[in-house]
Asks: 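What follows is a single structure, and I will ask about it in a moment.
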Amino acid sequence: MTLGDSPEPAGKGPRSVPKPKRLEHLRADPRGYPIIATTGQEPGDVDFGALSEPRKLALATFDLCAVCALPFGEELRWQVSFDEVMAKATTLVSNEAPVHGICALYAAQVCPFVSSPYARHGDGLRKGVKRPAVTFLTGFRRTARVFGRRSGLQTSESVLHFETTGVEQRLTLSTSAEAIEAYQRALETDTLVIIDDTEREVVTRLTELTIKEGEDSGSVMAGAAWFAGGAFCPGISTVQGMRRFAGDPMYTTLARRVLLVPGFAKEFEATEDLYTRAAMKWLNSRAHLPEVLRNWRKTTLNRVQRGEVSAGKSGGGDPKKSKRKLQGTARRKNRR
């Protein structure tokens with residue numbers, strides 16, 4: 001899902017549509033389009049048409065909405081589709097990260113591609129092809145799996161896919177009037193999403209600029225997510241934008257130490273890297289991890305116990321010095 005990827009929006013301008021309360025923390029481009037969680041946050045012009053795979057990894061790890069970047073909690077996870085067969089499936093696999101219901105309905109008002117039946121695809125393989133007129137929204141109870149595999153559009157590239165299951169609600173929007181009515185109903189019950197300080201820190205790091213580094217904050221946050229368990233996502237090493245992490249053994253060594261070495265994740269909170277610190281504080285404060293992250297970590301732990309993969313522990317020397325060295329390396333690498 002993208003917002004503002006057309007210089008002449010086919011749908012309503014964003015300034016004419018009231019935003020959900022949960023989008024108030026997002027920065028906006030000069031036209032008023034919120035810069036959503038899957039869109040790169042580099043200084044300069046915003047490319048609304050590109051989905052960031054590192055950002056999707058952070059969303060999957062921390063279980064966040066692809067629009068507002070806030071946690072799902074007990075809310076349904078919605079997927080938007082223009083294919084009726086896909087929309088009727090009880091389990092859906094999509095390369096789009098799920099969103100809150102009100103965020104999906106907001107996009108149906110302001111996103112040029114979602115809001116207009118005359119919108120056309122802009123990617124290289126489907127450029128100029130008109131999208132179907134009917135929009136289907138499906139609300140799922142769970143995100144069951146997230147994994148990397150080749151994209152259906154670009155078979156040479158791997159992207160993250162999200163498997164959502166447990167359908168609880170469906171919406172079909174055939175006209176703009178239906179979309180407006182559905183969004184108005186959602187606004188009437190809209191409330192602020194209450195999150196704790198550790199969740200807020202993760203959201204802030206993901207949605208604000210990293211001016212000092214001059215790179216996308218999502219790429220830096222993906223490194224922190226890697227340490228928290230994103231390294232164990234199936235197929236992650238082949239996904240676009242992950243070479244930086246998968247190609248450097250230190251990232252996965254640190255991820256395994258966080259998983260396997262008692263107390264290491266807590267000590268890792270002392271790192272000077274704000275992103276890693278936010279991820280570790282979040283990880284250490286959770287009574288229950290999100291299902292996807294929990295399963296990634298559990299699968300890896302089982303494989304280590306069966307001897308299928310290395311525990312990644314360094315042997316010999318002073319353990320405290322070893323930990324400080326690893327933490328210092330993590331700080332430097334995750335701020336490149």
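Please read all numbers here as calculations on a predicted model, not as lab measurements.
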Asks: Apply the side-chain contact (heavy atoms from CB on, under 4.5 Å) test between F232 and each candidate in L301, V309, T300; give the one that qualifies.
Replies: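 So the option named by the test is T300.
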Asks: Does one side chain, of D273 or T271, offer a donor that lies under 3.5 Å from an acceptor on the other?
Replies: no
Asks: Go through it in stages, so that I can follow the logic: the residues are F62 and W282, the test is ring-ring contact (aromatic ring centres under 6.0 Å, His included), and I'd like the CA-CA distance, side-chain angles, deciding distance and then a yes or no.
Replies: CA-CA 9 Å; F62 303 113; W282 175 90; 4.9 Å; yes
Asks: Taking only residues two or more places apart in sequence, or in another chain, which ones meet T175 in a side-chain contact (heavy atoms from CB on, under 4.5 Å)?
Replies: A177, E178
Asks: Please examine the side chains of C103 and L23, heavy atoms only from C-beta on, and report whether any two atoms are closer than 4.5 Å.
Replies: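 Side chain of L23 against side chain of C103, heavy atoms only: contact under 4.5 Å found.
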Asks: Between D83 and K88, is there a salt bridge with N-O shorter than 4.0 Å?
Replies: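 Judged by the 4.0 Å cut-off on N to carboxylate O distance, K88 and D83 do not form a salt bridge.
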Asks: Should the pair E291-K298 be classified as a salt bridge under the 4.0 Å nitrogen-to-oxygen rule?
Replies: no
Asks: Can you tell whether the side chains of E199 and R286 come within less than 4.0 Å, N to carboxylate O?
Replies: yes
Asks: Hey, are E53 and K56 close enough for a salt bridge, meaning a charged N less than 4.0 Å from a carboxylate O?
Replies: yes
Asks: Sequence neighbours left out, what passes side-chain contact (heavy atoms from CB on, under 4.5 Å) with S237? Give chain and number order.
Replies: A246
Asks: Does the distance from a Lys or Arg side-chain N to an Asp or Glu carboxylate O, for D216 and R55, drop under 4.0 Å?
Replies: yes
Asks: Side chain of N284, backbone of A265: donor and acceptor closer than 3.5 Å?
Replies: yes
Asks: Does R257 count as lying over the ring of F264, i.e. NZ or CZ under 6.0 Å from the six-ring centre, within 45 degrees of the axis?
Replies: yes
Asks: I'd like to know if R150 pairs up with E157 as an ion pair, taking the criterion as any Lys NZ or Arg NE/NH1/NH2 lying under 4.0 Å from an Asp or Glu carboxylate oxygen.
Replies: no
Asks: Start with the C-alpha distance between Y106 and K19, add both sets of side-chain angles, then the distance that settles side chain to side chain contact (heavy atoms under 4.5 Å, CB included), and finish with yes or no.
Replies: CA-CA 7 Å; Y106 175 74; K19 287 192 300 187; 3.5 Å; yes
